[in-house]
Structure formats: structure tokens, C-alpha cells
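We use all heavy atoms of the structure for the numbers below, so side chains are in, but hydrogens, waters and symmetry mates are not. Naming convention: chains lettered A, B, ... in sequence-line order (proteins, then strands); numbering from 1 in each chain. A quick note: this is a predicted structure, and the numbers were derived from the prediction, not measured.
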2 protein chains.
Amino acid sequence: MAYTMKDVAKRAGVSVATVSRILNGLSGYSEETKKRVNQVIDEMGYQPNAIARGLISKKTRTLAVLLPEVSDLFASEVLAGVEEEAHEKGYSVIICKTAKNGVRTMKYLQTLRENQVDGIIFMSETLTKEYYEAIRKMGASLVLVSTRSDYDIPYVKVDDRQAAYDATSYLVEKGHRSLGMLSGTEGDLIATVPRVAGFKEALCDHGLPAEEHRIAYGDFGFSSGALAMERLLRRVPDVEAVFCASDEMAVGALSLLHRKGIKVPGEISIIGYDNTRAAEMAFPPLTTMAQPLYQMGKKAVDIVLGHRSAESLLLSHQMVERETVGQR
Amino acid sequence: MAYTMKDVAKRAGVSVATVSRILNGLSGYSEETKKRVNQVIDEMGYQPNAIARGLISKKTRTLAVLLPEVSDLFASEVLAGVEEEAHEKGYSVIICKTAKNGVRTMKYLQTLRENQVDGIIFMSETLTKEYYEAIRKMGASLVLVSTRSDYDIPYVKVDDRQAAYDATSYLVEKGHRSLGMLSGTEGDLIATVPRVAGFKEALCDHGLPAEEHRIAYGDFGFSSGALAMERLLRRVPDVEAVFCASDEMAVGALSLLHRKGIKVPGEISIIGYDNTRAAEMAFPPLTTMAQPLYQMGKKAVDIVLGHRSAESLLLSHQMVERETVGQR
DNA sequence: CTGAAAGCGCTAACAA
DNA sequence: TTGTTAGCGCTTTCAG
């Protein structure tokens with residue numbers, strides 16, 4: 001059995017109250033007793049029990065991250081940022097895979113409540129009313145990452161419409177005139193609609209055709225990227241450059257193009273989105289519209305801990321030029 | 001303020017002991033009171049407080065995973081398995097990035113002790129005496145993933161030497177005679193030495209040259225793969241097939257080969273290790289020696305929870321044939 | 001400057 | 001079948 005505060009108190013010849021004060025840096029003891037108590041603590045190798053502390057303080061110094069999928073390049077990059085910042089601030093982080101499943105998510109929310117987590121970081125999904133209510137009731141603070149909601153909840157994300165607009169414009173500036181897009185899940189209000197809007201808007205503003213058939217939908221994944229690219233090729237045989245809604249889809253497209261013997265960027269230019277590790281590992285290295293994923297994770301923690309006045313953050317996107325976009 | 005058991009007891013006209021019994025499925029109450037209490041619980045939306053429960057039971061139903069890096073294809077795949085199995089068993093999982101740093105690791109271990117985690121899953125690193133002692137003192141159960149130690153601690157991993165042996169033999173069977181290896185960090189007892197040994201052994205058994213200069217060391221990462229491949233090419237210009245100690249290094253090699261205009265598998269065959277997502281996303285899709293990463297995560301949880309009698313598990317590796325190895 | 005004592009919300013003897 | 005009560009290890013008044 002590990003030592004308790006009582007043991008320390010007894011051995012140091014003081015009361016537990018005094019030990020507690022010293023441990024918590026409060027006032028109310030002499031330098032002398034402090035020294036003595038600290039010495040005893042070292043001798044005994046005493047460590048406070050965070051559970052007991054949490055029972056009283058109602059604070060557990062624990063955060064939870066809810067994400068659709070753990071083994072996902074996008075998510076794990078953000079997660080890395082969360083872990084780092086939380087660690088620096090002295091918090092632990094619990095991971096919860098929602099699998100975009102309502103029942104599973106609610107079950108997690110219940111566990112989190114029982115475990116009294118202090119804050120929740122909710123990623124890449126729509127916050128339903130049910131989720132929102134559950135979180136509100138448990139009294140945890142909340143921040144959204146890469147999504148937003150109608151409720152007044154702080155979020156940290158990139159301006160997707162603008163980023164898509166900029167990526168598309170970049171392609172146009174490189175001289176491409178027949179553009180196409182490999183989009184994410186059709187109808188996805190969070191990650192698809194704004195990007196499609198940005199894509200079309202950029203084309204319109206540049207006086208280029210923006211018909212619906214220039215957009216091939218997928219699901220953000222690698223295979224869907226290859227499939228969507230194939231469809232796009234059929235529908236727009238003269239396509240010169242393609243904006244992809246995720247790096248994974250872009251890499252899928254690259255793969256298909258390789259297979260067909262179509263040169264990138266020689267014949268077709270490809271631009272990705274996210275700047276996950278997949279982008280640097282692609283061949284040729286993928287030019288992409290970067291989201292500051294790691295930073296987003298760190299900022300989310302700052303916000304959820306209230307160090308950043310619960311303000312939403314629109315982080316800036318950035319073009320990362322590698323080798324899949326050519327000049328025409 | 002959320003309701004407590006006392007509130008429920010009062011409202012249902014029973015004692016807290018009875019409520020507790022009902023909640024924990026113990027015996028000692030009539031069907032009638034059970035019904036009434038449960039109804040009150042629903043009405044009030046009462047939820048037990050796991051912190052208070054943990055204070056008494058000394059069990060928190062929380063597991064921790066210690067890994068060198070969060071945003072790593074290998075680690076996140078294992079992590080996904082851990083999360084899934086833990087969730088099924090009703091446990092939460094805390095992530096701790098060690099960054100292969102002793103101070104950081106010890107700090108985490110202290111936090112974990114204060115938070116009374118029930119079990120620790122320690123991944124891909126050497127368990128130092130210091131770590132071991134700390135974990136033993138806190139009384140958490142422990143399991144090693146993708147590593148092992150001199151202490152008698154259960155582990156779940158693949159037989160690296162054998163897997164490397166098999167991968168190399170596969171290359172030989174395909175008719176390749178001048179082989180090379182892109183290895184991980186030189187001297188790494190866990191992930192490098194056994195694989196190098198397996199590689200050499202296979203070559204010897206097949207009567208092929210296995211000189212040290214056929215092995216180029218890197219650090220398991222993408223860039224180091226490209227660099228190592230370049231070195232290997234200089235040292236063994238006629239190399240026909242290369243066994244890589246990780247998929248990332250293999251993809252790095254692929255990248256360099258593309259750049260040099262060397263055809264894979266036409267001129268050189270490449271085989272990876274791990275079967276992470278990088279393998280399927282590579283071009284050409286990477287043939288690789290798969291480790292059952294997700295399964296390893298799940299098994300680790302089973303072991304650490306004692307559902308598997310603290311037995312070590314040597315999971316079987318498996319060749320995943322894709323398109324980077326040719327017949328000669 | 002220090003200690004006694006009352007909880008935090010729950011479990012588990014021990015009684016009844 | 002039920003209730004009473006003594007803690008779990010700690011924080012925090014309130015006295016001294």
C-alpha cells in the first residue's frame with residue numbers, strides 16, 4: 001500500500017492539514033516545518049492521490065478528445081498537438097473514437113461524465129443537439145476542432161471555403177483552364193460544402209467553367225480518390241488540374257494517374273488538402289493546401305482550458321508547394 | 001450540481017446502501033424496491049461518480065498507452081486496436097507520448113500513478129529499470145507491445161528475426177541474388193538487431209553474400225529511407241532486391257528510385273515491413289511483411305486486463321503481396 | 001503558524 | 001431485505 005498524507009503527517013509530527021497546505025503551496029506554516037515535511041515526503045516517496053483530490057475539487061485535470069477514427073493521418077496529427085499542449089499544462093488526455101456513431105458517442109459521453117473530465121475536444125463531426133446537451137449537463141468545457149455548430153461554442157478551424165478558393169486560384173494562376181475537383185462525402189456540411197463552394201467560386205471569378213460534372217465525390221479516403229479520379233477523367237477528358245479535398249484522395253488520384261501512364265505534373269496537375277504525412281511521402285511529393293493540424297490541436301487545448309478566453313480561432317491555411325503542380 | 005446517490009436514496013425512500021447494491025448488481029433487495037429505485041434514477045438522470053467509486057475500489061477503469069510518437073502510422077494503428085478493445089471492456093485510455101525521453105516518461109509515470117491507472121501498455125521502447133520500478137511501485141499491471149524485456153513481463157509482438165528471415169527468403173525465392181537491406185536505427189536491440197539478424201541468416205542459408213555493406217542504416221523514417229537507398233545503390237550497384245525495416249523507409253526508397261528513373265519492380269524489387277497505411281498508398285502498392293498492428297493493440301489490452309493470463313503472445317507475421325516485388 | 005473535524009460521493013461491513 | 005456507519009485520501013473551514 002502506498003503512503004498517504006496521514007502517514008507523512010504522522011512521521012513529520014504535524015497534522016494532515018499542514019501537509020496539504022505545503023503540498024498545495026498555500027500559506028500557513030513556517031519554513032522550518034515546510035523543510036521537515038518535504039524531507040519526509042522525499043524519504044517516504046509519498047505521492048498524492050489525484051483521485052481523492054478530484055473527489056473534493058471536482059477537477060480531474062483530464063481532457064477527452066472525440067474523433068471519428070484514431071488511425072487517421074489527419075486526426076493523429078491533431079491529436080499529437082493536443083497531447084503535447086495538454087502535457088505541458090499538466091493534463092491527461094483520453095481518446096474516444098466515435099466512429100461517427102451516435103450510440104457509441106453517447107456511451108463515451110456518459111463515461112466521460114462519470115469520470116468527471118474537465119474538458120472535451122470534439123473533432124471533425126457535427127455536434128448534435130443530443131451531444132451538446134449531454135456535455136452541457138456534465139459541466140465540462142467544450143471546443144470544436146475542424147467543425148463548428150449553431151450553438152455558441154468556440155471552435156478552431158481553417159476557413160475551408162477560402163482555402164479551397166485559394167487552392168483553386170493557385171491552379172488557375174499556373175495557367176490551367178480546365179479544372180476538376182475530387183471532393184469528399186457529398187452533402188457533408190462541414191468538410192465538403194464549403195470546399196466545393198470555394199472551388200466553384202474561384203472558377204466563376206476567373207471566368208472559367210464550373211459545371212457540376214467537374215466535381216467527383218468520394219469519401220476523403222485513398223481508394224475513393226482513385227475511383228473519383230477515374231470518373232473525372234471520363235467526364236472531363238481534357239482536365240488539366242485537379243483540386244482534391246484531402247491528401248489521401250490526392251494520393252489515390254496520383255496512383256491512378258501513374259497506372260494510366262498520365263504524367264503528373266506534366267499532363268495533369270494535382271493539389272491536395274491538409275498537408276498530412278501522406279503529402280510528403282507521395283510521389284511526386286504532393287503540393288497541398290496545408291491546415292496547421294498540430295497547432296490546431298494545441299490551440300484547442302488552450303481554449304478548452306480557458307487560457308484563451310473561449311474565443312473561436314480561424315487559423316490560416318497555407319500553400320505548400322511541392323511537385324505535383326506544373327506551369328502551363 | 002449533479003445528483004448524488006444520497007439524493008436518489010432520499011427520493012426513493014431507501015438508504016444509499018440499497019441504491020449502491022442495486023447499481024452494482026449485488027443481492028439484497030426486493031424486485032419492488034429495485035424497480036422503484038431505478039425509476040427514480042431515470043427520473044433524476046442520476047449518474048454515478050466514478051471518482052468517488054475509484055477512491056474506494058482503487059480501480060479507475062483507466063489504461064494508459066506510452067508510445068514514442070502519436071502521429072506515427074505504426075503507433076496509431078496499434079492505438080486504434082487498444083482503444084477499441086478497451087472501449088469494449090469498459091475502460092478509458094490515456095495517451096502518453098514519451099518522445100523516447102526518460103524525463104518525460106518518468107513524469108508521465110508519476111501522473112499515471114497519481115491518477116491510479118489500472119494498467120499500462122508500453123510500446124516500441126526499451127523498458128529501463130527506472131521505468132520498471134516506477135510501474136511496479138504504483139501497482140499497475142503492465143504489458144509490452146512490440147518490445148520485450150529481461151524482466152518477466154508479458155509482451156505482444158511479432159518474431160522479428162523470423163519475419164525478416166521470411167521476407168528475405170521471399171525475395172530469394174523470387175529469383176533475386178544480390179540483396180540489400182534498409183535497416184532502422186543502428187544498434188536498436190528491439191527493432192533493428194533481430195531484423196538484421198534474420199536478413200543475414202536468410203542470405204547465409206541460401207548461400208548468398210551477406211556482407212555488412214549490403215545494409216544501410218536509417219531511422220525508420222521516410223527521408224532516411226531515401227537516403228539509405230541512395231547509399232545502398234552506391235555500395236551495391238547491382239542490387240536486385242531490398243528488404244526495408246519499415247514501410248516508411250520502403251516508401252522513401254521508392255521515392256528515390258522513381259526520381260532516378262529506376263523501375264520498381266522491373267529493375268529493383270522492394271519489400272517493406274509493418275503493413276501500415278503507407279503501404280497501400282504507395283506507388284506501386286508496396287509488398288510488405290505485415291505485423292497485425294490492430295490485433296496487437298487489442299491483445300495488449302486483453303493481457304493487461306488479465307483476461308489472458310498474463311501470457312506473452314508472439315503473433316504471426318504475414319506476407320502481403322502487392323506490386324513492388326518482381327520475379328527474376 | 002497549526003490542528004481538529006467535517007465532508008467530497010461512494011462501498012462494504014455489520015446490524016437489525 | 002434493509003439501514004447504519006465507518007472509512008477511501010484529501011481539502012478546507014474554523015478554532016486556537
Side-chain angles (χ1 to χ4, degrees), chain A residues 1-38 40-41 44-62 110-118 138-139, chain B residues 1-38 40-41 44-62 110-118 138-139:
Chain A
M1 197 45 223
Y3 292 117
T4 72
M5 226 165 77
K6 207 162 141 189
D7 300 320
V8 174
K10 194 186 298 172
R11 182 101 87 103
V14 296
S15 73
V16 293
T18 298
V19 177
S20 173
R21 286 190 192 101
I22 292 173
L23 246 36
N24 294 292
L26 303 178
S27 56
Y29 46 83
S30 65
E31 262 310 304
E32 194 188 347
T33 43
K34 175 177 174 180
K35 193 167 296 175
R36 182 154 38 90
V37 168
N38 276 139
V40 171
I41 286 177
M44 307 179 78
Y46 165 78
Q47 298 212 219
N49 181 324
I51 302 297
R53 188 174 274 174
L55 183 56
I56 297 184
S57 68
K58 262 79 177 104
K59 294 274 166 276
T60 52
R61 298 190 79 81
T62 298
Q110 178 177 337
T111 307
L112 295 179
R113 169 176 180 169
E114 292 180 2
N115 286 305
Q116 313 259 108
V117 302
D118 298 338
M138 79 174 84
Chain B
M1 199 43 226
Y3 292 116
T4 74
M5 226 166 77
K6 208 162 141 190
D7 300 321
V8 173
K10 193 187 300 174
R11 181 103 87 107
V14 297
S15 74
V16 292
T18 299
V19 177
S20 174
R21 285 187 194 105
I22 292 173
L23 245 35
N24 293 293
L26 304 178
S27 57
Y29 45 83
S30 66
E31 262 311 305
E32 194 187 349
T33 45
K34 174 176 174 182
K35 193 167 296 174
R36 181 152 40 90
V37 168
N38 276 139
V40 171
I41 286 176
M44 306 179 80
Y46 164 78
Q47 297 210 218
N49 181 325
I51 303 298
R53 189 174 277 173
L55 183 55
I56 298 185
S57 68
K58 264 78 176 103
K59 294 273 165 279
T60 52
R61 296 190 80 81
T62 298
Q110 179 177 337
T111 308
L112 296 179
R113 171 179 177 167
E114 292 180 1
N115 286 304
Q116 313 257 111
V117 302
D118 298 337
M138 78 174 86

Closest approach to the side chain of I56(A), judged atom by atom: which nucleotide of dT2(D), dC8(C), dC10(C) is it? dC8(C)
How about M5(B) and S20(B): do any of their side-chain heavy atoms sit closer than 4.5 Å? yes
Winner on side-chain proximity to Y46(A), out of dC10(C), dC10(D), dT2(D), is dC10(D)
List the atom pairs, with distances to 0.1 Å, where a side-chain N or O of residues 6-13 of chain A and a protein N or O form a donor-acceptor pair under 3.5 Å, not counting sequence neighbours.
unit_1	atom_1	unit_2	atom_2	d
D7(A)	OD2	T4(A)	N	2.7
D7(A)	OD2	T4(A)	OG1	3.4
R11(A)	NH1	E43(A)	OE1	3.3

Any T33(B) side-chain N or O less than 4.0 Å from OP1/OP2 of dT2(D): yes
Would you give the length of the straight line joining atom CG of L23(B) to atom CZ of R21(B), rounded to the nearest 0.5 angstrom? 12.5 Å
Hey, what bend do you get for the helix from dC1(C)-dG16(D) to dA16(C)-dT1(D) if you fit axes on five pairs at each end, rounded to 10°? 40°
When you measure from the side chain of K58(B), which nucleotide among dG9(C), dG9(D), dT11(C) comes out closest? dG9(D)
Are more than 12 heavy atoms from other residues, nucleotides or ligands located less than 6.0 Å from atom OH of Y29(A)? yes
In whole Å, what is the span from the NZ atom of K34(B) to the C1' atom of dT1(D)? 14 Å
Side-chain donor/acceptor pairs under 3.5 Å, residues 44-56 of chain B, sequence neighbours excluded:
unit_1	atom_1	unit_2	atom_2	d
N49(B)	OD1	I51(B)	N	2.7
N49(B)	OD1	A52(B)	N	3.1

Would you list the protein and nucleotides 3-6 of chain C atom pairs, both N or O, that sit under 3.5 Å from each other?
unit_1	atom_1	unit_2	atom_2	d
dG3(C)	OP2	S15(A)	N	2.8
dG3(C)	OP2	S15(A)	OG	3.3
dG3(C)	OP2	T18(A)	OG1	2.9
dG3(C)	N7	R21(A)	NH1	3.4
dG3(C)	N7	R21(A)	NH2	3.4
dG3(C)	O6	R21(A)	NH2	2.1

Roughly, in whole Å, what's the span from CZ in R36(A) to C1' in dC1(C)? 12 Å
Under 4.0 angstrom, heavy atoms only, what part of the nucleic acid is S57(A) near: base, sugar-phosphate, or nothing? nothing
Rounded to the Å, how far apart are R61(A) CZ and dT11(D) C1'? 16 Å
Whole Å only: how far is the CD atom of Q116(A) from the C1' atom of dC10(C)? 12 Å
Send over the distance from M138(B) CE to dG9(D) C1', rounded to a whole Å. 18 Å
Rounded to whole Å, please give me the gap between CD1 in I22(A) and C1' in dC1(C). 11 Å
Taking atom OG of S30(B) and atom CZ of R36(B), what is their separation to the nearest 0.5 Å? 7.5 Å
dC1(C) phosphate, OP1 or OP2, under 4.0 Å from S30(A) side-chain N/O: no
With sequence neighbours left out, the residues meeting side-chain hydrogen bond (donor to acceptor under 3.5 Å, both in side chains) with T111(A) are none
Using the test side-chain hydrogen bond (donor to acceptor under 3.5 Å, both in side chains), find all partners of D118(A) that sit at least two apart in sequence or belong to another chain. T60(A)
Whole angstrom value for the distance that separates P of dC8(D) from CG of D7(A): 10 Å
Hey, does T62(B) have a side-chain heavy atom less than 4.5 Å from the side chain of N115(B)? no
Closest to the side chain of T4(A), out of dT11(D), dG9(D), dG9(C), is dG9(D)
Does dT11(D) have OP1 or OP2 under 4.0 Å away from a side-chain N or O of N24(A)? yes
Roughly how far apart are T18(B) OG1 and K34(B) NZ, rounded to 0.5 Å? 13.5 Å
Between M5(B) (CE) and dC8(D) (P), how many Å, whole number? 18 Å
